[in-house]
Amino acid sequence: KAVVSTQSTGGKNYGENFAFSDSFEVNEVMSKALEFLELDRLDQPLVKFPLLSPAEYQADLIDLTLDTAARHYWLDIFKDGLDRFCKVIRDGESNRNHIDRRISFFKKKFLECLALLRKNPFAYGILTVRTLLDCREQFLAEFDFYDPYLKFKQEENAAALAALPERLEVLRMLPWEERQTELIRGILGGNIFDWGSSAVVKLNESKQIDFAEACRMVQTRPWFVDHLEHWVKRLRRKPIRKMVLFVDNSGADVVLGVVPFVVEMLRMGSEVVLAANSRPALNDITSHELRVLLTQVAPLAPSIGEASASGRLRVVENGSGSPCLDLSRVSQQVADECVDCDLIVIEGMGRAVHTNFNCTFERESLKLAVIKNKWLCDKFNCPMFAAVCKYEVPDSQ
C-alpha cells in the first residue's frame, strides 16, 4: 500500500484503497485522462519498526511483478478459491441484509481486479501475496463485510478454551527441556488452524481437525528450519527479560499454542507483550478480541490473570488489518514496547514467511510457522506442512 508521509499531512496516516483507486496505465493522451486515487485515513499514526537491522527492509518474500510464473500461480489461487471463499463468507457473516447481492458484487469486482493484475501487474505498484490479501480485505469492507469470520473465531476460541486445562497439565508434567520442545511444537501445530490456507480449508471440509491431529501433521524433525536446540540453549543461559510476540490466528493457534508458551515465559520471569491486529482479517485475532480472550483464560491459567493485573502481560494493537505484517508501518504502541525488549517473536505463515522471512533485527528473534502452500513448498524444496523454527541473534551479540 502507499502511505502519505505523516510529515506532510499534519501527523495523519493514509493508506491507498485499491478497491476504488484507478490503476496506473500508460495512456497516450494522458492529459485527457482523469484518474482517481482513493485514500483511507487510518485511525492512528503508523511508524517504522525501530529494531529493524540497518539493511534496507523488504517486507515481502516474493515480488510477483518480477516473477511471472509465481504471479500467475497466485492469481490463479485467488481466482480458483473465490467460490469457496464466498461460501465461507456467506456462512459466517452476521449482517444478512442483501447478503447474496453483496457477495455477488464483491466477487465481480474482485475478479475484475485479478484480471487487471494479470494484464498489468504494476497496476497498483509492486504486487505481492500481501497486497493481494490486503486488496481482497478492502473489497470485503467496501461491500460491508467487516468481520465475516467472527462466528468461526468465537466457536474455535470456545473449543480451544475447553481443551486448555488438559493441555496445560500435560505440559506441566514434562521435564523442563522436553516441555520447551513441546511448547514450540504446540505453536506450530496451532498454526495449522489458518483459514487463509486453501489446503487447510479443503481439509476442514472433509473432516474436522483437532489440535492433537494438527500437531501430528507438522513435519517431523529435523524441520525445514530447525533452530530448536539453539533456542532451548538460549533459555538455559539466562531468562528473557521482555518479549514482544506478534500473534496470528484465533482458536487453537492462540489458546493452545501461544497461551501455554506465554505461561512458561511468565513462569521464567519474563515481561510479555502480545501484539495483535487492530482490525479484522480472516480468522486472525484482533487486539480487542485477545484482551477479552485473556479474561476467559485467566480462571484456567491463574498466572495469565495475575500478570495481566500487574501489567507484566499486556496486549497492544499492531496497527494492521492484514494477514501479513509490514514492519515499515506499525503502531506507535508496538514501536514503544519494542525499544527495550530482548526478544521479538513472529508466528504464522503470513507474518513470518510471506513477510519478514529474511529480515533481521537488532534484537534476538524467533520466527515460528508452518508452510501450508504447495508453491512455497516447491520454492523451498520442503514437504507440505514443513516447520519453521528460526532463532536469530544480531551480529552485535
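Atom set for the values below is all heavy atoms of this structure, side chains included, hydrogens, waters and symmetry mates excluded.
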[X] side chain near [Y] side chain, heavy-atom distance below 4.5 Å:
X: Gln154; Y: Leu150; value: yes
X: Ile371; Y: Phe385; value: no
X: Tyr149; Y: Pro280; value: no
X: Leu293; Y: Leu161; value: yes
X: Ser328; Y: Leu46; value: no
X: Leu282; Y: Phe152; value: no
X: Val262; Y: Met265; value: no
X: Leu343; Y: Ser270; value: no

Item to complete: Taking the six-membered ring for Trp and the full ring for Phe, Tyr or His, determine whether the centres of Phe143 and Phe110 are under 6.0 Å apart.
Response: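 No, too far apart.
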Using 0.5 Å steps for rounding, measure from the [atom1] atom of [X] to the [atom2] atom of [Y].
X: Asp144; Y: Phe105; atom1: CG; atom2: CZ; value: 13.5 Å
X: Met349; Y: Thr355; atom1: CE; atom2: OG1; value: 10.5 Å
X: Ser287; Y: Arg279; atom1: OG; atom2: CZ; value: 10.5 Å
X: Leu235; Y: Glu177; atom1: CG; atom2: CD; value: 10.0 Å
X: Cys324; Y: Asn356; atom1: SG; atom2: CG; value: 9.0 Å
X: Asp210; Y: Cys215; atom1: CG; atom2: SG; value: 9.0 Å

Are [X] and [Y] linked, directly or through other ILVMFWY residues, by side chains that come within less than 4.5 angstrom of each other?
X: Leu290; Y: Leu266; result: yes
X: Trp231; Y: Trp176; result: yes
X: Leu366; Y: Val272; result: yes
X: Val330; Y: Val345; result: no
X: Phe139; Y: Val129; result: yes

Residue pair [X] / [Y]: nearest heavy atoms and the distance that separates them:
X: Val47; Y: Ser331; value: CG2-O, 4.1 Å
X: Gly190; Y: Phe211; value: N-CE1, 3.8 Å
X: Pro50; Y: Val339; value: CG-CG2, 4.2 Å
X: Gly251; Y: Asn157; value: N-OD1, 2.7 Å
X: Arg71; Y: Leu117; value: CD-O, 4.4 Å
X: Lys107; Y: Leu82; value: CG-CD2, 3.5 Å

If you count the non-hydrogen atoms of other residues, nucleotides and ligands that lie under 6.0 Å from [atom1] in [X], is the total more than 12?
X: His98; atom1: NE2; result: no
X: His288; atom1: NE2; result: no
X: Ile126; atom1: CD1; result: no
X: Arg236; atom1: CZ; result: yes
X: Glu155; atom1: CD; result: yes
X: Asn381; atom1: CG; result: no

Does [Y] offer a backbone N or O that forms a donor-acceptor pair with the side chain of [X] under 3.5 Å?
X: Arg312; Y: Glu306; result: no
X: Thr65; Y: Phe122; result: no
X: Asn249; Y: Gly348; result: no
X: Glu289; Y: Thr286; result: yes
X: Asp342; Y: Lys242; result: yes
X: Glu392; Y: Ser365; result: no
X: Thr128; Y: Arg130; result: yes
X: Asn277; Y: Ser322; result: yes
X: Ser303; Y: Val263; result: no
X: Ser278; Y: Gly321; result: no

Between [Y] and [X], does any NZ, NE, NH1 or NH2 come within less than 4.0 Å of an OD or OE carboxylate oxygen?
X: Lys108; Y: Glu112; value: yes
X: Glu182; Y: Arg185; value: yes
X: Arg351; Y: Asp284; value: yes
X: Glu213; Y: Arg216; value: no
X: Glu93; Y: Arg102; value: yes
X: Asp91; Y: Lys87; value: yes

Discussion item. Determine whether Asp248 and Val254 satisfy the following criterion, side chain to side chain contact (heavy atoms under 4.5 Å, CB included), listing intermediate values before the conclusion.
Written reply: CA-CA 7 Å; Asp248 191 5; Val254 68; over 6 Å; no
Practice prompt. Please report the C-alpha distance between Gln44 and Glu317 in whole Å, then the side-chain angles of each, then the deciding distance to 0.1 Å, and finally whether the side chain to side chain donor-acceptor pair (under 3.5 Å) criterion is met.
Written response: CA-CA 10 Å; Gln44 60 180 304; Glu317 53 180 304; 2.8 Å; yes
Discussion item. Assess the residue pair Asp253 and Asp194 against the criterion (side chain to side chain contact (heavy atoms under 4.5 Å, CB included)); give the C-alpha distance rounded to whole Å, side-chain angles, the decisive distance to 0.1 Å, and a yes or no.
Written reply: CA-CA 8 Å; Asp253 190 348; Asp194 180 0; over 6 Å; no
Item to complete: Evaluate side chain to side chain contact (heavy atoms under 4.5 Å, CB included) for Asn191 paired with Leu368, printing each intermediate quantity in order.
Response: CA-CA 9 Å; Asn191 198 237; Leu368 301 167; over 6 Å; no
Item to complete: Check the angle between the aromatic planes of Trp74 and Trp375 and answer parallel, tilted or perpendicular using the 30° and 60° thresholds.
Response: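 Correct class here is perpendicular.
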Discussion item. If you apply the rule side chain to side chain contact (heavy atoms under 4.5 Å, CB included), what do you find for Cys113 with Tyr124, and how did you get there?
Written reply: CA-CA 10 Å; Cys113 175; Tyr124 301 111; 4.1 Å; yes
Practice prompt. Please lay out, stage by stage, how Tyr73 and Asp378 fare under the test side chain to side chain donor-acceptor pair (under 3.5 Å).
Written response: CA-CA 12 Å; Tyr73 169 83; Asp378 290 344; over 6 Å; no
